[in-house]
**Q** 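Structure in C-alpha cells, see below.
Within every chain, numbering begins at 1; the chains are lettered A, B, ... in the order of the sequence lines, protein sequences first and strands thereafter.
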Amino acid sequence: MPELPEVETFARSIVNAVGGRNVENAASSGLPYCRESVGTVEELLPGKVVTGYRRHGKALFLELSGGLWLYIHFGMSGRPLAFHGDEPPYTRLRIDADGTSVAIQDPRRLGGVGVIRSPDSFVSSRRRGPDALAVSEEEFLSRLKGRRAVKAALLDQSLVCGVGNLYADEVLFQNRILPVRRVDELDDDEKRGVFHWMGKALNASLDVGTDFSLLPEGMMLRDRAKDARCPNCGETWSTATVGGRTSYFCAVCQH
DNA sequence: TTTCATGTTCAGCA
DNA sequence: GTGCTGAACATGAA
C-alpha cells in the first residue's frame, strides 16, 4: 500500500493511537532491522513515549522521548492497525502503550524497522533525495536530468523521495506524457508540469485519506485496473514495463 | 500452477 | 559515473 501519502496517513494514525502514552511493551519479529539500529524495540521502547514523527519519502521516524527514533518502512504490504485484545494476523511489530496497541502488519515482510539516533543522518547515509512534498520546483528541475525514461526517474528515490509506481503513473497521465519518454526529450513546460502534478497528485490523495475512490474525477488512480478506461477518451489502459515496474498509461492521450 | 503485486538493494553488464 | 536488467527478499491473491 505505501507510497508517500499512505505513509503520511499511517504516521498520523499511529501517533493518534499511541502518541503521548507510555510504552509498556513492544515486540518485533519477522522484519529485518536496519543497519543503523542501535538496539531492539524490546529493549529500547518500554518506558518511552512517542512524542511526534517525521517522514521522509516513504520512511517514517517516530520520535521517542529520550532522543531516539523508531524507524519504520512499510515495504510493499505494510500497514498499521490499532487493536485491542487479540493480535492481528501478520503482525511484525507491535507497540502497547497505556492499554492501546498498534500493530504493523506486513504479510510480505519487505519492510524494515530500527531504533536509530538521527533521521537526518539516516536519510543522508542512504543518499536519499529531498521529500517529494518538500522539494522546491527549482531543485526538482535541477535534479530531473539524464537520458532515462521519465517514469524511471520519478521512481528513483535519490532524485526525489516518496513517489512510487502508482503516483508516478498518475503524474505522467495528468501531463499527457508517456512513461517511456526520455527525460532529456521533455521540454521545460513538461518538466514543470511533472513537478506541479507530483505535488497535486500526492496532496489530492492525502486530502481523501488515500481512499482512491474519493479522488476527483479524471484521476487515473480512481480506477487503475486492467479493464478500466481512460477518463478522458474512454480508451482501455495500456501497460508496459518501464523502470522495472508495470506502468499504466493511455496510448491515445499520452505522447 | 502460474503470475503478479503501492518497495529496496545489489550484482552484472554495456 | 550512468543506466538498464534481473534477481533476491517473502507471501498472499487472483
Side-chain angles (χ1 to χ4, degrees), chain A residues 1-11 28-37 55-60 71-81 88-93 104-114 122-123 125-129 131-133 143-173 179-185 198 201-206 208-215 219-228 237 239-249:
Chain A
M1 296 192 73
E3 294 181 42
L4 188 156
E6 287 77 18
V7 174
E8 179 67 28
T9 303
F10 291 169
S28 172
S29 65
L31 288 183
Y33 275 91
C34 63
R35 300 179 190 284
E36 297 86 344
S37 188
R55 180 194 54 70
H56 188 91
K58 305 165 192 172
L60 172 61
Y71 160 74
I72 301 175
H73 196 287
F74 296 94
M76 198 90 97
S77 62
R79 60 167 227 184
L81 181 63
Y90 311 119
T91 294
R92 311 302 182 193
L93 170 67
I104 305 300
Q105 303 170 285
D106 186 358
R108 292 177 62 185
R109 297 199 283 166
L110 294 176
V113 298
F122 182 96
V123 167
S125 74
R126 301 204 173 194
R127 296 174 185 172
R128 291 289 197 262
D131 184 81
L133 282 182
R143 287 173 163 272
L144 184 63
K145 55 191 175 187
R147 295 169 296 175
R148 59 185 167 171
V150 60
K151 170 73 180 276
L154 286 172
L155 294 178
D156 182 355
Q157 304 295 297
S158 70
L159 196 157
V160 287
C161 239
V163 178
N165 197 32
L166 269 54
Y167 291 95
D169 280 355
E170 182 73 66
V171 170
L172 296 175
F173 171 65
V180 292
R181 282 277 298 287
R182 282 167 45 160
V183 170
D184 60 3
E185 291 174 343
M198 180 172 73
L202 296 173
N203 278 313
S205 180
L206 275 175
V208 297
T210 73
D211 181 345
F212 292 166
S213 70
L214 300 179
L215 287 170
M219 287 188 70
M220 168 189 272
L221 291 178
R222 279 173 55 107
D223 198 3
R224 181 186 180 275
K226 197 68 179 169
D227 57 349
W237 298 122
T239 59
T241 300
V242 183
R245 312 299 302 280
T246 298
S247 301
Y248 280 64
F249 60 95

**Q** Working to the nearest 0.5 Å, report the span between CZ of A/Arg109 and CE of A/Met76.
**A**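 So the CZ of A/Arg109 and the CE of A/Met76 are separated by 15.5 Å.
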**Q** Atom pairs under 3.5 Å, N or O on each side, protein against nucleotides 11-14 of chain C: can you list them with distances?
**A**
unit_1, atom_1, unit_2, atom_2, d
C/dT11, OP1, A/Arg109, NE, 3.1
C/dT11, OP1, A/Arg109, NH2, 2.3

**Q** Please check if the side chain of A/Arg143 supplies one atom and the backbone of A/Ser158 the other of a donor-acceptor pair under 3.5 Å.
**A**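 Checking the backbone N and O of A/Ser158 against the side chain of A/Arg143, a donor-acceptor pair under 3.5 Å is found.
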**Q** Does B/dG7 have OP1 or OP2 under 4.0 Å away from a side-chain N or O of A/His73?
**A**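 It does not, given that no N or O in the side chain of A/His73 lies less than 4.0 Å from OP1 or OP2 of B/dG7.
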**Q** Please write out the pairs of protein N or O atoms and N or O atoms of nucleotides 1-4 of chain B separated by less than 3.5 Å, giving the distance to one decimal.
**A**
none

**Q** Hey, what do you get for SG (A/Cys161) to CZ (A/Arg128), rounding to the nearest 0.5 Å?
**A**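 Reported to 0.5 Å precision, the distance equals 5.5 Å.
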**Q** Answer yes or no: is there a side-chain heavy-atom contact under 4.5 Å between A/Leu154 and A/Leu172?
**A**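 A side-chain contact under 4.5 Å exists here.
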**Q** Go through residues 144-157 of chain A and report each residue with a non-hydrogen atom lying under 4.0 Å from DNA chain C, sorted by number.
**A**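 DNA chain C contact set from residues 144-157 of chain A: A/Gly146, A/Arg147, A/Arg148, A/Ala149.
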**Q** Determine whether A/Val113 and A/Tyr33 satisfy the following criterion, side chain to side chain contact (heavy atoms under 4.5 Å, CB included), listing intermediate values before the conclusion.
**A** CA-CA 5 Å; A/Val113 298; A/Tyr33 275 91; 4.0 Å; yes
**Q** Once the angle between the rings of A/Tyr167 and A/Phe212 is folded into 0 to 90°, is it parallel (under 30°), tilted (30 to 60°) or perpendicular (over 60°)?
**A**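 A/Tyr167 vs A/Phe212 ring planes: perpendicular.
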**Q** Between C/dG1 and B/dT8, how far apart are the P atoms? Round to whole Å, please.
**A**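 Rounded to whole Å, the distance is 22 Å.
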**Q** Report the secondary structure of DNA chain B in dot-bracket form, marking unpaired bases with a dot and bases paired to a different strand with |, and treating Watson-Crick or G-U pairs with both distances under 3.5 Å as paired.
**A** .||||.||||||||
**Q** Please check if the side chain of A/Arg55 supplies one atom and the backbone of A/Gly57 the other of a donor-acceptor pair under 3.5 Å.
**A**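 Checking the backbone N and O of A/Gly57 against the side chain of A/Arg55, a donor-acceptor pair under 3.5 Å is found.
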**Q** Could you check if a side-chain atom of A/Phe10 sits within less than 4.5 angstrom of a side-chain atom of A/Arg79, using non-hydrogen atoms only?
**A**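 The answer is yes; the side chains approach within 4.5 Å.
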**Q** To the closest 0.5 Å, what do you measure between CG (A/Asp106) and CG (A/Leu31)?
**A**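 Here the rounded value is 5.5 Å.
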**Q** Can you name the closest pair of heavy atoms from A/Val163 and A/Glu3 and give their distance?
**A**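 Shortest heavy-atom separation between A/Val163 and A/Glu3 comes out as C-OE1, 3.9 Å.
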**Q** Within this structure, what is the CZ-to-P distance between A/Arg245 and C/dA7, rounded to whole angstrom?
**A**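 Taking atom P of C/dA7 as the reference, CZ of A/Arg245 is at 16 Å.
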**Q** Within the 4.0 Å limit for protein heavy atoms, which parts of nucleotides 9-14 of chain B are touched? Write it as a string from 5' to 3', B for base, S for sugar-phosphate only, - for none.
**A** SS----
**Q** Do side-chain atoms of A/His56 reach the backbone of A/Gly129 as a donor and acceptor pair under 3.5 angstrom?
**A**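 Yes.
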**Q** Please identify each residue that fulfils side-chain hydrogen bond (donor to acceptor under 3.5 Å, both in side chains) with A/Arg92, with sequence neighbours left out.
**A**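 Here no residue qualifies.
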**Q** Evaluate the side-chain proximity of A/Arg126 to A/Glu36: yes if any heavy-atom separation is below 4.5 Å, no if none is.
**A**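 Sidechains of A/Arg126 and A/Glu36: in contact.
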**Q** Working to the nearest 0.5 angstrom, can you tell me the gap between A/Leu214 CG and A/Ser205 OG?
**A**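 One finds 10.0 Å between CG of A/Leu214 and OG of A/Ser205.
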**Q** Separation of A/Leu110 atom CG from B/dA5 atom P, in whole Å?
**A**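 A/Leu110 atom CG is separated from B/dA5 atom P by 14 Å.
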**Q** To the nearest Å, how far apart are A/Leu159 CG and C/dG1 C1'?
**A**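 For the pair A/Leu159 CG and C/dG1 C1', the rounded distance is 16 Å.
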**Q** Rounded to the nearest Å, what distance is computed from the CG atom of residue A/Asp169 to the P atom of nucleotide B/dG7?
**A**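 For the pair A/Asp169 CG and B/dG7 P, the rounded distance is 10 Å.
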**Q** Roughly how far, to the nearest 0.5 Å, is CG of A/Asp227 from CH2 of A/Trp237?
**A**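 Rounded to the nearest 0.5 Å, the CH2-CG separation comes out at 12.0 Å.
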**Q** Which distance, rounded to the nearest 0.5 Å, do you find between the CZ of A/Phe122 and the SG of A/Cys34?
**A**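 So the gap between those two atoms works out to 5.0 Å.
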**Q** Find the distance A/Tyr167:OH to B/dG7:P and express it as a whole number of Å.
**A**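 A/Tyr167 atom OH is separated from B/dG7 atom P by 10 Å.
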